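Step one of this worksheet: look at the structure below.
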Amino acid sequence: SAVPSQASVGPFDQLLSYYLSYLERKDDKKFFAFPITDVIAPNYSSIVKHPVDFSTMRKKLARGYYHTLSQFKGDFELMCRNAMTYNAPDTIYFRAAKKLSRIGAKLVSKDRLKNAKRFVH
Ligand SMILES: CC(=O)c1cc(-c2ccccn2)c2ncccn12
């Protein structure tokens, strides 16, 4: 469906784009960069009901899907939770998801938000 692209990106979307870039850079192995296929992860699509990855979050941001921070946080936390559901605790993917979710929680924490709110009137 042709969704109108946002001509000028408002301050809120700029903030989410900054958060997304920051979190993508923390995923240096690119485990979370693209949708996971059943080829690289057997039965993934039957185990993980709501898959999400950074490229999907980028698309949703570009289409103006995120209206609140909790929507954005929700997708990020779901992405990490999916990895901690599908993969066993002793795997590199589980550990990477745990680490990434802690980084994300700190990034979008209350005090950071208070500061961010100071600039967006
Ligand atoms: C995030 C995740 O669950 C994941 C990423 C990958 C992944 C991502 C990029 C390249 C290779 N593997 C993966 N492979 C097998 C099982 C799980 N995964």
Side-chain angles (χ1 to χ4, degrees):
S1 63
V3 177
S5 72
Q6 296 175 318
S8 73
V9 180
F12 178 67
D13 279 24
Q14 275 174 342
L15 180 68
L16 294 191
S17 183
Y18 166 76
Y19 282 156
L20 202 43
S21 303
Y22 178 88
L23 293 166
E24 283 170 324
R25 277 198 305 274
K26 294 293 175 183
D27 173 29
D28 54 322
K29 303 275 190 331
K30 299 282 171 243
F31 290 155
F32 303 93
F34 302 107
I36 295 160
T37 64
D38 286 351
V39 174
I40 60 165
N43 299 321
Y44 192 84
S45 58
S46 51
I47 294 167
V48 173
K49 291 304 163 208
H50 302 287
V52 62
D53 63 284
F54 282 132
S55 74
T56 304
M57 289 184 69
R58 266 285 164 217
K59 269 196 212 110
K60 288 170 89 165
L61 180 60
R63 292 196 180 121
Y65 169 89
Y66 297 118
H67 295 282
T68 66
L69 196 72
S70 53
Q71 279 176 312
F72 177 83
K73 267 181 72 176
D75 269 357
F76 172 74
E77 285 159 359
L78 173 61
M79 182 180 77
C80 297
R81 199 165 51 252
N82 287 340
M84 294 168 78
T85 303
Y86 177 82
N87 302 283
D90 61 343
T91 58
I92 49 172
Y93 304 117
F94 183 104
R95 289 201 187 96
K98 200 156 172 353
K99 189 170 162 230
L100 197 60
S101 68
R102 273 202 301 271
I103 292 169
K106 274 210 287 288
L107 179 74
V108 197
S109 63
K110 283 280 166 278
D111 61 299
R112 272 186 187 277
L113 259 184
K114 246 191 345 274
N115 291 338
K117 280 205 171 101
R118 252 203 343 241
F119 303 106
V120 178
H121 293 297

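Both counts, for ligands and for their atoms, begin at 1 and track the order of listing. The figures here come from the full heavy-atom set of this structure, side chains too, leaving out hydrogens, waters and symmetry mates. Everything quoted here is computed from the prediction, not taken from an experiment.
- The closest donor-acceptor contact from the side chain of Ser17 to the backbone of Gln14 lies at 3.5 Å or more, if one exists at all.
- In terms of the ring pair (Phe, Tyr, Trp, His ring centres under 6.0 Å) criterion, residue partners of Phe72 (sequence neighbours excluded) are, by chain and number, Tyr66.
- In summary, the side chains of Asn82 and Thr85 do not present any donor paired with an acceptor at a separation below 3.5 Å, with no hydrogens or angles considered.
- Pairs of residues two or more places apart, or lying in two chains, that qualify as side-chain hydrogen bond (donor to acceptor under 3.5 Å, both in side chains) and include a residue from residues 39-51 are Asp38-Ser45.
- Other residues sharing the hydrophobic cluster of Met84, ordered by chain and number and joined by side-chain separations under 4.5 Å: Phe94.
- From Met57, atom CE reaches atom CE of Met79 across 6.5 Å, with rounding to the nearest 0.5 Å.
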For ligand 1, run through the N/O pairs with the protein that fall under 3.5 Å and put one pair on each line.
| residue | atom | partner | partner atom | Å |
| --- | --- | --- | --- | --- |
| ligand 1 | 3 (O) | Asn87 | ND2 | 2.9 |
| ligand 1 | 12 (N) | Tyr93 | OH | 3.4 |
| ligand 1 | 14 (N) | Tyr93 | OH | 3.3 |

